[in-house]
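To start, the structure itself, in structure tokens.
The structure presented is a predicted model; accordingly, all values stated were derived computationally and were not measured. By convention in this document, chain letters (A, B, ...) are assigned in the order of the sequence lines, proteins followed by strands, and residues within each chain are numbered from 1.
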There are 2 protein chains.
Amino acid sequence: MATQALIERILAASDGPSSSAIDALHELLDDATIEASAMPKSVAEAARLVGLSTHTLRYYEQEGLVRPARNASGYREYSAFDLRRLVFLTRMRLSGMTMTDLKRYTLLVEQGPSTIPDRRRIMLDQQDRITRQIRELGLALETTEYKIRVYDGHPEG
Amino acid sequence: MATQALIERILAASDGPSSSAIDALHELLDDATIEASAMPKSVAEAARLVGLSTHTLRYYEQEGLVRPARNASGYREYSAFDLRRLVFLTRMRLSGMTMTDLKRYTLLVEQGPSTIPDRRRIMLDQQDRITRQIRELGLALETTEYKIRVYDGHPEG
DNA sequence: CTAAGGCTTCGAGCGCGCTTGAAAGCAAGC
DNA sequence: GCTTGCTTTCAAGCGCGCTCGAAGCCTTAG
């Protein structure tokens, strides 16, 4: 029962875009709100779009994770490409990938296609890590469900 | 397809114990390896059983999360009860619950049944948090799957 | 009796990922 | 020209959750 509930929640979470449309989403822009205008975004706009602070965006640049262009006055200009990368970075950070690993990965990306095998390996490792993490979360979720059931007077049993 | 794979992974993760047996697991001991012997465990044994360091166990005690008894020489003795609590704590920590929240919760537990509504609330909040986190991990997992597919030469479409 | 290896307490240190603050430049409205 | 509010760089600080090291006590084997 708890397991079933978990699955239903996962389904609800990733259902909207039917499985085959997911690829298109990734390819196109990773996030519908980004492609709308092709105009580069200021650091504040970019921050708002990806849900980070301007400070964090500057920090990411300093760490070499993203390289927005600059306008005549030295202001940052985040292109759709930069925003896509930021979405990727955010997703990976939220899933627990470390800054160190993201730096390594980004470096490989900038070195061109010859590093694809290395990048693939990193993604496979992340995939494993995330899968383990989901397993752990499943256990924790069941534990909260159990406690709540007990607090509600374990109506079954 | 990615979604289906995700669900299958979740299923594989929490399948062994059939849904209805999960409650029993929680009630009995949370972890089969613990109940075997009723003898209290030393800090090192307890650490090994729950997968933490002895340093961390002492730290948790210092923070009031667990209260193992002491033997004549002042050594810690972790009972089955203490170990159960440690498993709970570990599970919650791994799911991202903060030390602060765990301290609050533990304090409520030690204040007796009158705090059950508060505890229930905390568990409901955690349940929400974990569910959101699983959603995020789902996105990240799809992203790694997408990248890997691309690196493999996107054999489909 | 001694040596090895557990255990104790205490306080300081650390790694990660930001976060904040200071000082100053640029843009747009009044 | 002045003000308001964005932007820049740089360096220092911080909160969390451990993690480590020192100094000394207890227990068991030889």
Original post:
Distance-only, no hydrogens or angles: does the B:D82 side chain make a donor-acceptor pair with backbone N or O of B:S79 under 3.5 Å?
Top reply: yes
Original post:
Taking B:T56 for the side chain and B:L52 for the main chain, is one N or O donor matched with an acceptor at less than 3.5 Å?
Top reply: no
Subject >> Listed partners of A:E45 passing side-chain hydrogen bond (donor to acceptor under 3.5 Å, both in side chains), at least two apart >> reply: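 Partners of A:E45 by the side-chain hydrogen bond (donor to acceptor under 3.5 Å, both in side chains) criterion, ordered by chain and then number, come out as A:S42.
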Original post:
What pairs with A:Q62 under side-chain hydrogen bond (donor to acceptor under 3.5 Å, both in side chains), at least two apart in sequence or on another chain?
Top reply: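 For A:Q62 there are no side-chain hydrogen bond (donor to acceptor under 3.5 Å, both in side chains) partners, ignoring immediate neighbours.
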**OP:** Just call it for B:T54: base, sugar-phosphate, or nothing, with non-hydrogen atoms closer than 4.0 Å on any strand.
**Re:**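 Nothing, no heavy atom under 4.0 Å.
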Subject >> Heavy-atom contact window of chain A on DNA chain D, given 5' to 3' at under 4.0 Å >> reply: D:dC6 to D:dT9
Original post:
For B:R48, which residues count as a salt bridge (charged side-chain N to carboxylate O under 4.0 Å, His left out) partner, sequence neighbours excluded?
Top reply: none
**OP:** Measure from NZ or CZ of B:K147 to the centre of the six-membered ring of A:F88 and say whether it is under 6.0 Å with the direction within 45° of the ring axis.
**Re:** yes
Original post:
Can you list, by residue number, the residues of residues 92-104 of chain B that have a non-hydrogen atom closer than 4.0 angstrom to DNA chain C?
Top reply: none
Original post:
With side chains defined as the heavy atoms from C-beta onward, is the minimum distance between A:L141 and A:T144 less than 4.5 Å?
Top reply: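 Counting from C-beta outward, A:L141 and A:T144 do come under 4.5 Å.
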Subject >> Min side-chain heavy-atom separation B:Y78-B:P68 under 4.5 Å >> reply: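 Touching, per the 4.5 Å side-chain cut-off.
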**OP:** Begin with the C-alpha distance, continue with both residues' side-chain angles, and end with the deciding distance and a verdict on side chain to side chain contact (heavy atoms under 4.5 Å, CB included) for A:E142 and A:Y146.
**Re:** CA-CA 6 Å; A:E142 281 168 9; A:Y146 171 73; over 6 Å; no
Original post:
Which residues in residues 56-73 of chain B have at least one heavy atom lying under 4.0 Å from any atom of DNA chain D?
Top reply: B:T56, B:Y59, B:Y60, B:S73
Original post:
Rounded to the nearest 0.5 Å, how far does CZ of A:R129 lie from CD1 of A:I134?
Top reply: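 Answer for the CD1-CZ pair, A:I134 versus A:R129, is 10.5 Å.
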Original post:
Starting at the 5' end of DNA chain D, which residue's closest nucleotide do you reach first, B:Y75 or A:V43?
Top reply: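 In this pair, the answer is A:V43.
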**OP:** Find the distance A:E77:CD to C:dA27:P and express it as a whole number of Å.
**Re:**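 To the nearest whole Å, that distance equals 11 Å.
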